[in-house]
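Read the structure below first, then the notes.
For clarity, every value in this text was computed on a predicted model and none was experimentally measured. Throughout, a chain's letter reflects where its sequence line sits, starting with A, and its residues are numbered from 1.
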Number of protein chains: 2
Amino acid sequence: MAKDRTQAQGLRELGGVDRVVHEPARLMILMILYGVREADALFLLNATELTWGNLSSHVSKLEEAGYVEVDKGFAGKKPRTMLRLTGAGRRAVDDYRATMQAALKKPGAR
Amino acid sequence: MAKDRTQAQGLRELGGVDRVVHEPARLMILMILYGVREADALFLLNATELTWGNLSSHVSKLEEAGYVEVDKGFAGKKPRTMLRLTGAGRRAVDDYRATMQAALKKPGAR
DNA sequence: CCAAGTACTTTGTATGGCAAAGTAAACGGG
DNA sequence: CCCGTTTACTTTGCCATACAAAGTACTTGG
């Protein structure tokens with residue numbers, strides 16, 4: 001019963017999960033940036049297999065939420081967009097991971 | 001590098017994640033049913049803190065997807081809706097858990 | 001016998017994801 | 001040097017769907 005309470009508690013937190021992070025496309029981006037310090041848009045395009053349109057709009061949303069920093073520069077003559085997680089972004093991912101991992105704990109199978 | 005490949009592989013699976021399961025409200029319902037054999041609507045209402053409207057529409061969607069069985073009966077004179085995971089529902093949860101847990105593995109922090 | 005409560009379902013709205021089209025600059029052939 | 005192609009994105013538009021609010025049907029208590 002106490003165990004059920006804990007499980008239920010973890011589940012209820014799902015209701016308030018950060019939707020910005022929860023979206024699969026953005027979670028991919030965030031998890032990649034989490035382990036890599038910085039990456040350019042082309043790398044993310046390949047790693048996520050998103051279209052340019054989706055990548056762009058999701059990055060905009062992440063920027064808007066303050067979770068990633070976007071650094072538009074040039075590599076030689078070509079435009080090059082570098083992306084980096086902010087502190088808030090890193091915290092958001094940590095929170096999300098904690099919430100989801102708690103919620104996905106196997107309940108005493110019966 | 002080999003490690004990065006594995007990580008990336010796990011992440012890319014996120015793109016095809018089952019949206020029926022991924023929605024927090026429905027994931028709550030599914031995880032509760034996963035460990036409990038059957039539950040009535042009122043119990044789910046309390047456990048999830050959803051409104052009747054939300055609970056009803058999410059349950060409909062889960063039924064439509066073939067993930068839960070809905071058994072409308074009576075307890076005395078009062079209508080009583082009993083819910084149960086189907087085999088497909090259990091498999092969907094297993095798949096989802098595997099995908100998410102792989103994706104949320106901590107990348108070698110740097 | 002009717003007002004209030006219980007147990008839902010249906011409808012409406014507004015957000016948001018994805019795709020397709022659009023834009024801007026650089027390269028490359030004629 | 002011009003013009004089509006490629007690269008690197010951004011913007012627009014449509015459609016799905018999540019959540020809330022209102023509606024429905026039956027039952028119980030006064």
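- Of the possible polar contacts, one joining the A/T48 side chain to the A/L44 backbone as a donor-acceptor pair under 3.5 Å is found.
- A pairwise comparison of heavy atoms in A/L11 and A/A103 identifies CD2-O, 3.9 Å as the closest pair.
- To the nearest 0.5 Å, atom CD of residue A/Q101 and atom NZ of residue B/K105 are 10.0 Å apart.
- Applying the ring pair (Phe, Tyr, Trp, His ring centres under 6.0 Å) test to pairs two or more places apart or on separate chains, none has a residue in residues 71-90 of chain A.
- Residues meeting the side chain to side chain donor-acceptor pair (under 3.5 Å) test with B/D94, sequence neighbours left out: B/Y34.
- Contact footprint of chain A on DNA chain D: nucleotides with an atom under 4.0 Å from a non-hydrogen protein atom, first to last in 5' to 3' order, D/dA8 to D/dC19.
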Query raised in the report: How far apart are the C-alpha atoms of B/E38 and B/L83, what are their side-chain angles, what is the distance that settles it, and do they pass the side chain to side chain contact (heavy atoms under 4.5 Å, CB included) test?
Result: CA-CA 5 Å; B/E38 60 176 9; B/L83 300 164; over 6 Å; no

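- Side-chain N or O atoms of A/R12 include one that pairs as donor or acceptor with a backbone N or O of B/A47 at under 3.5 Å.
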Report task. Applying side chain to side chain contact (heavy atoms under 4.5 Å, CB included), run through B/L30 and B/Y96 and close with a yes or a no. Result -> CA-CA 11 Å; B/L30 290 171; B/Y96 180 78; over 6 Å; no

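- Considering only side-chain N and O atoms, B/S57 lies nowhere under 4.0 angstrom from the phosphate OP1 or OP2 of C/dT10.
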Close N or O pairs between protein and nucleotides 23-28 of chain C (under 3.5 Å):
none

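- No donor-acceptor pair under 3.5 Å is formed between the side chain of B/T81 and the backbone N or O of B/D40.
- Within residues 58-70 of chain B, no residue is approached by DNA chain C to less than 4.0 Å at the level of any non-hydrogen atom.
- Taking CE of A/M100 as the reference point, atom NE2 of A/H22 lies at 5.0 Å (rounded to 0.5 Å).
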Requested in this report: Applying side chain to side chain contact (heavy atoms under 4.5 Å, CB included), run through B/R97 and A/K106 and close with a yes or a no.
Outcome: CA-CA 9 Å; B/R97 291 200 338 126; A/K106 197 152 202 157; 3.5 Å; yes

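- Listed by residue number, A/E23, A/R26 are the residues of residues 21-31 of chain A with a heavy-atom contact under 4.0 Å to DNA chain C.
- When all heavy atoms of B/V59 and B/V68 are compared, the pair lying nearest together is O-CG2, 4.2 Å.
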